[in-house]
Number of protein chains: 2
Amino acid sequence: MSWADRSERINHRTPRLLWLQVADDLKALMESRELAPGDKLPGEAELAELYGVSRDTIRRATQELAAEKLIVILHGRGTFVSEG
Amino acid sequence: MSWADRSERINHRTPRLLWLQVADDLKALMESRELAPGDKLPGEAELAELYGVSRDTIRRATQELAAEKLIVILHGRGTFVSEG
DNA sequence: GATGATTTGTGCGTATGTATC
DNA sequence: CGATACATACGCACAAATCAT
C-alpha cells in the first residue's frame, strides 16, 4: 500500500491506549487487504511519524500483532504481514 | 533458564519494598544457578510483565544488583549475570 | 571483503496522571 | 502531606543483524 499520514486514526484524548489504537488500525488495513500477506511495513521510526506517536508505542502495537501471528518481525530486516 | 511467570514471588500487600522482593528473587535464581554467569536476563519490559510490576520497579532492582556487581547492565545490549 | 545505511533490539532518562499507604 | 508504586508515553543513545554500495 501507499503509506501516508495516519495520525487522524489516533485519538490522544481518549482513555483508549494509543498502542491499541495503532494495532487496531493496522489490523483494519490487513482485513481490508490494503496490507496484503508478505507486504513490508514501514520501519518503526517511519510508522511513529505516520501515526504521530513514539516508536515505543509503535513497538507495543507491532509486538502485540506479532504475538497474534498477524505479522512477523525480523531483526535487521523489517516487519512483514504474515503469509497465509 | 526458561523464563515463565514469576508474579507469585511478589507480595504486593506487605510493607516490603517491591523492588527488594524482585532483587531477592533474582539473587535466589543466581544462587541456585538457575541463572548462571553469562546468562542474559529478559529485557526490562518483559521482566516487568513476568513479575507483574512496573518497569520502574524492575530498574530499581537491577540497578541494585548491578551496584552489588551481581549483574552487568550494558546499554543497548542487555543485562547479564556477572562472570566469576 | 569493507563500508555505510537501514532496521530492529535494548537500555536510559524523563514526564504525566492515578492510586495507595 | 510525602513516599511508594502503577500505567502510559515520549525521546534518545547505543548495539546487533541485515542489506546495499
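Chain naming here is simple, since letters A, B, ... match the order of the sequence lines and numbering starts at 1 in each. All heavy atoms count here, side chains included; hydrogens, waters and symmetry mates do not.
- The interatomic distance linking A:His12 (NE2) with D:dA9 (P) rounds to 9 Å, in whole Å.
- Protein atom CD1 of A:Ile10 is 10 Å distant from nucleotide atom P of D:dA9, rounded to whole Å.
- C:dG11 atom P lies 10 Å from atom CZ of B:Arg59, rounded to whole Å.
- Side chain of A:Asp39 to backbone of A:Ala36: a donor-acceptor contact under 3.5 angstrom is found.
- Taking 4.5 Å as the limit, some side-chain heavy atom of B:Pro42 sits within range of a side-chain heavy atom of B:Leu50.
- Following rounding to the nearest Å, B:Phe80 (CZ) and C:dG9 (P) show an atom-to-atom distance of 15 Å.
- In this structure, A:Glu44 places its CD atom 10 Å from P of C:dT7, rounding to the nearest Å.
- Within 6.0 Å of atom CD in A:Gln63, more than 12 heavy atoms from other residues, nucleotides or ligands are found, so the atom counts as buried in its surroundings.
- Counting only heavy atoms from C-beta outward, the side chains of B:Val22 and B:Arg60 never approach each other to under 4.5 Å.
- No donor-acceptor pair under 3.5 Å is formed between the side chain of A:Glu44 and the backbone N or O of A:Ile58.
- Checking the phosphate oxygens (OP1, OP2) of C:dG11, a side-chain nitrogen or oxygen of B:Thr79 falls inside 4.0 Å.
- Atom CZ of A:Arg33 is surrounded by 12 or fewer heavy atoms from other residues, nucleotides or ligands within 6.0 Å.
- Residue-to-nucleotide proximity on DNA chain D shows that, of A:Leu17 and B:Arg77, the 5′-proximal contact is made by A:Leu17.
- Using a 4.5 Å heavy-atom threshold, the side chains of A:Arg16 and A:Leu20 count as touching.
- For DNA chain D, the residues of residues 46-54 of chain A within the heavy-atom distance limit of 4.0 Å (strictly under) are A:Val53, A:Ser54, sorted by number.
- Contacts between residues 63-76 of chain A and DNA chain D, counted as heavy-atom distances below 4.0 Å, involve A:His75, A:Gly76.
- Closest heavy-atom contact between A:Pro37 and A:Ser82: CB-O, 3.2 Å.
- Considering only side-chain N and O atoms, B:Thr57 lies nowhere under 4.0 angstrom from the phosphate OP1 or OP2 of D:dT4.
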Using a 3.5 Å cut-off and no angle test, enumerate the donor-acceptor pairs between side-chain atoms of residues 64-81 of chain B and protein atoms at least two apart in sequence or in another chain.
from, atom 1, to, atom 2, distance (Å)
B:Glu68, OE1, B:Lys27, NZ, 3.2
B:Glu68, OE2, B:Lys27, NZ, 3.4

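- At whole-Å resolution of the value, CD1 in A:Ile58 and C1' in D:dG11 are 14 Å apart.
- With hydrogens and angles ignored, no donor-acceptor pair closer than 3.5 Å exists between the side chain of B:Arg55 and the base of C:dG11.
- Summarising the geometry, the separation between NZ on B:Lys40 and C1' on D:dA15 is reported as 11 Å, rounded to the nearest angstrom.
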List every contact pair, protein side and nucleotides 15-20 of chain C side both N or O, where the distance is under 3.5 Å.
none

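- In this structure, B:Arg60 places its CZ atom 14 Å from P of C:dG13, rounding to the nearest Å.
- If B:Asp56 and A:Leu18 are placed on DNA chain D by their nearest nucleotide, the residue sitting closer to the 5' end is B:Asp56.
- Tracing side-chain contacts under 4.5 Å through hydrophobic residues (I, L, V, M, F, W, Y), one reaches A:Leu47 starting from A:Val53; they form part of the same cluster.
- Among residues two or more places apart in sequence or in another chain, the side chain to side chain contact (heavy atoms under 4.5 Å, CB included) test is passed with B:Arg6 by B:Met1, B:Trp3, B:Arg9, B:Asp25, B:Leu29, B:Tyr51.
- Partners of B:Asp56 according to the side chain to side chain donor-acceptor pair (under 3.5 Å) rule, which considers only residues two or more places apart in sequence or in another chain, do not exist here.
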